[in-house]
There are 2 protein chains.
Amino acid sequence: MSEEGARAFGGAGNLAHRVPDLGALELLLAVARLGSLGAAAREVGITQPAASSRIRSMERQLGVALVDRSPRGSRLTDAGALVTDWARRIVEAAEAFDAGAQALRDRRDSRLRVAASMTIAEYLLPGWLLALRAERPDTAVSLLAGNSAAVAQRLLSGEADLGFVEGVDVPHGLDSAVIAHDHLIVVTAPGHAWARRRRPLAASELASTPLILREKGSGTRQVLDAALGGLARPLIELSSTTAVKAAVVSGAGPAVLSELAVREELAMRRLVRVPVEGVALARDLRAVWPTGHRPTGPARGLLSLTRG
Amino acid sequence: MSEEGARAFGGAGNLAHRVPDLGALELLLAVARLGSLGAAAREVGITQPAASSRIRSMERQLGVALVDRSPRGSRLTDAGALVTDWARRIVEAAEAFDAGAQALRDRRDSRLRVAASMTIAEYLLPGWLLALRAERPDTAVSLLAGNSAAVAQRLLSGEADLGFVEGVDVPHGLDSAVIAHDHLIVVTAPGHAWARRRRPLAASELASTPLILREKGSGTRQVLDAALGGLARPLIELSSTTAVKAAVVSGAGPAVLSELAVREELAMRRLVRVPVEGVALARDLRAVWPTGHRPTGPARGLLSLTRG
DNA sequence: ATCGGGGCATAACCTGGGGTTATGAGCGAA
DNA sequence: TTCGCTCATAACCCCAGGTTATGCCCCGAT
C-alpha cells in the first residue's frame with residue numbers, strides 16, 4: 001500500500017524492486033562476454049551455483065528469459081542481448097560514480113589533486129577519471145569541487161595540481177587552456193509554446209520574458225546576464241541546476257541552461273531546445289594551473305585526455 | 001584474491017561493493033529533494049530508522065559525509081550534492097532499463113505494441129518509453145526487437161501497432177515518417193594516428209583502409225558499403241556493435257559506427273571521432289506503420305514524442 | 001565404449017544487510 | 001511547558017544471496 005503511495009506521487013515507484021542490482025547486472029555482462037555461467041562466476045568472484053541462481057532470479061524478476069543454457073555454454077537470447085545493452089548503461093553510470101566517489105574520498109596523499117567547478121565536476125570529470133584510470137590504473141586522484149574562486153585559491157595555495165573552470169574570465173595568477181566549449185541553451189517543457197517555434201527567438205524576446213534562473217552569482221547566470229546586457233528577468237530563482245531543470249520540466253517556464261546539464265533531458269524529450277539568435281551564449285571550459293607551472297606527470301596525463 | 005584477478009583483468013572490479021545499491025541511491029535522491037530523512041523514508045516506503053541507517057552505511061561505504069543532520073531537517077553537504085548528481089545518472093539509466101524491461105515482458109495484451117530495429121531499441125526506445133510513461137502512465141507497451149524485415153512482418157500481420165527502423169529503404173506496404181537522422185561516423189582509439197588528424201579523411205582513404213566491421217547484412221554495414229561504393233575492406237568482422245566498440249577501444253583499428261552507439265564513448269574520450277569528407281554516411285530513422293493505418297491513440301502519442 | 005571434464009542444476013545450510021517496532025533525546029514554535 | 005518535528009539507538013527478524021556437495025548431460029579424446 002505504501003507502494004501505491006509512492007507510485008501515485010513521483011511516478012518513480014521502487015525501482016530497486018524492479019531492476020536487478022548492480023552485482024547481477026555485472027554478472028550478466030560477464031556472461032554475455034564469456035559465454036558461460038561458470039566462467040562469468042569466476043570472473044566476478046563467486047561460485048558457479050551462485051551465478052546460476054542469480055541469473056535465474058533475475059530472469060524471474062524481469063519475466064524474460066535472458067540466456068540459453070546448453071551443456072556446453074550459455075548464450076544470450078535476443079531479449080537477453082537487449083537487456084544486456086541496457087544494463088551496460090547502468091553499469092557505466094555506476095563506474096563513473098565510483099570513479100568520482102573514489103576521488104572525493106581520497107582527499108589527501110593522492111598523486112593528482114584536482115579542483116573543479118561544479119558543472120565540470122558533475123558532468124565531465126567522472127568520465128575523464130574513468131579514462132585516466134584505464135590508462136594509468138595506479139594514479140590516485142582526489143577531487144575538490146567549488147566555484148572558480150575556490151578553484152583558483154586551491155591551485156595558488158598548492159592544495160591542487162590542476163583545476164577546471166567554466167566561465168568567461170580566467171582567475172589571476174593562472175594559466176589556462178581551453179579544453180571544450182559549452183553552450184547555454186534555452187529550454188522549455190515540450191508543452192510550452194516556444195517548444196513549437198521554428199523561427200529562432202530574438203535576444204530581446206528572451207530578455208523580456210521571465211525565466212527560471214539560478215541565483216545571482218552562479219556562473220551560468222553571469223554568462224546569461226552578460227549576453228543579455230544585464231537584463232535577465234527572473235520568474236523564480238533557484239539554487240541548483242537540478243532544481244531549475246525540475247521546474248522547467250514541470251512546465252513552470254523556460255530557462256537557460258548548459259547544454260551539458262540538459263543533454264539527457266533533451267535526448268528523452270523531457271525538455272525541448274528553443275533556437276535563439278543574436279545572443280552569445282557560448283562559454284569556454286578551461287583547464288587552469290598556476291602561472292608558469294606547466295602541468296607534468298599525472299596532471300599532464302589528465303589534461304591530455306580532456307582535449308579532443 | 002579473486003578480487004585481484006578481476007581487478008587485473010577488466011579493471012572493472014566488483015563495482016557492486018563500491019557503489020551503493022539502487023535503493024540507497026533512490027533514497028539519497030529523495031533526501032536531497034525533500035530535505036528530511038523521515039520524509040524521504042516515507043516516500044520510498046520504509047521507516048525512518050531504516051533510512052537513517054541506510055544513509056549512514058552509504059556514507060561509511062563511500063568514506064564521505066553526505067548529509068548534514070540537524071534537529072530540524074537534513075541538507076546535503078557539498079560532497080553530498082555532487083554524489084547525488086552522479087547518483088541521479090545511475091537512477092536514470094535504471095529507469096530506462098525498467099521501462100524497456102517492462103515493455104519486453106508484457107508481450108501480450110498491451111495497448112501499444114511496438115516493433116523496433118536493434119539500434120533504436122537499444123539507444124532510443126527506453127527514453128521514449130519513459131517519456132510516454134510520464135505522459136500516459138496507464139499505457140502498457142510491449143516491445144519486439146528485430147531487423148527491418150521482422151519489423152515489417154510484425155506490422156503487416158497485425159502483431160505490432162507501430163514500428164521503428166533505421167536504414168535507407170522503407171519496407172513495402174508501410175508508410176513512414178522520418179523522426180531523426182543518424183550519422184555514421186568514423187572512430188578510433190585515442191592513440192590511433194587518425195585521432196590526431198585535423199584535415200578530414202577522404203572517402204578513398206577510408207575505403208582503402210581495413211576497418212573493424214559488423215557482419216555483412218547489418219544495417220550499418222549496408223549503409224557504409226553503399227556510401228563507399230561496395231568497397232569496405234574488413235580487418236575483422238564482428239557480430240555486434242558492442243564487440244566492434246570493444247575492439248576499437250582496445251586499439252585494433254578504426255570502425256564506422258552510429259553516432260548513437262558511441263555517444264558515451266566519445267564523451268569520455270574512450271573513442272575519438274575522425275572527420276571525414278565526401279562520403280554520405282547519414283541515414284534516416286523512421287517510424288513505420290501499415291499503409292493507410294495512420295497511428296492513432298497511444299501509437300500516435302508515442303510517435304509525437306519521438307519528433308523534436 | 002568409456003572415461004574425463006566442462007557446463008549447468010539442485011539441495012541443504014549459513015550469514016549478514018536491511019527491514020521492523022519501540023524508545024529516547026534535541027530543538028523550535030505555540 | 002508541551003507539542004511536534006527532527007534524528008539516533010537498541011533489540012529483534014527475515015530472506016537474498018552466498019557457500020559446499022553432489023548429480024546429470026553432452027562431447028571429445030583415449
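Naming: A, B, ... by sequence-line order, numbering from 1 per chain.
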Query - B:Leu66 CG to D:dC7 P, straight-line distance once rounded to whole Å - result: 15 Å

Report task. Find the distance B:Asp68:CG to D:dA8:P and express it as a whole number of Å. Result -> 11 Å

Query raised in the report: Out of curiosity, A:Ile212 CD1 to A:Glu237 CD, how far, rounded to the nearest 0.5 Å?
Result: 12.0 Å

Query raised in the report: A:Ser36 has a side chain; which of C:dG19, D:dT19, C:dG7 sits nearest to it?
Result: C:dG7

**Report entry** Passing option when A:Val114 is tested against A:Ile120, A:Leu144, A:Val151, A:Val141 for side-chain contact (heavy atoms from CB on, under 4.5 Å)
**Finding:** A:Val141

Report task. Determine the minimum heavy-atom distance between B:Arg54 and B:Gly23, stating which atoms define it. Result -> NH1-C, 3.7 Å

Query - For atom CG of B:Leu25 and atom P of C:dG18, their distance in whole Å - result: 12 Å

Report task. Output yes when B:Glu92 and A:Arg270 qualify as a salt bridge under the 4.0 Å nitrogen-oxygen rule, no when they do not. Result -> yes

Query raised in the report: So, B:Arg133 and B:Glu95, do they make that salt bridge, N to O below 4.0 Å?
Result: no

Report task. Calculate the interatomic distance between A:Arg54 atom CZ and D:dC15 atom P; express it in whole Å. Result -> 18 Å

Query raised in the report: Quick one: on DNA chain D, does B:Gln48 or A:Gln48 contact a more 5' nucleotide (nearest heavy atom)?
Result: B:Gln48

Query raised in the report: Can you tell which of C:dG28, C:dT20, C:dA9 lies closest to the side chain of B:Thr47?
Result: C:dT20

Requested in this report: Calculate the interatomic distance between A:Glu26 atom CD and D:dG18 atom P; express it in whole Å.
Outcome: 12 Å

Query raised in the report: Out of D:dG18, C:dG7, C:dC27, which nucleotide sits closest to the side chain of B:Pro71?
Result: C:dC27

Report summary line: Picking from D:dA8, C:dA9, C:dC27, the nucleotide nearest the side-chain atoms of B:Arg56 would be D:dA8

Report task. Report the distance from atom CG of A:Asp21 to atom C1' of C:dG16, rounded to the nearest whole Å. Result -> 15 Å

Report task. Send over the distance from A:Arg42 CZ to C:dG6 C1', rounded to a whole Å. Result -> 9 Å

Query raised in the report: Within less than 4.0 Å of OP1 or OP2 of C:dA9, is there a side-chain N or O belonging to A:Arg69?
Result: yes

Query raised in the report: For DNA chain D, whose closest nucleotide is more 5', that of B:Ala39 or that of B:Ser53?
Result: B:Ala39

Query raised in the report: When the distance from CD1 of A:Ile46 to P of C:dC8 is rounded to whole Å, what number comes out?
Result: 12 Å

Query raised in the report: When you measure from the side chain of B:Pro49, which nucleotide among C:dA22, D:dT20, D:dG18 comes out closest?
Result: C:dA22

Query - N/O (side chain, B:Ser74) to phosphate O (OP1/OP2, D:dT6) under 4.0 Å - result: no

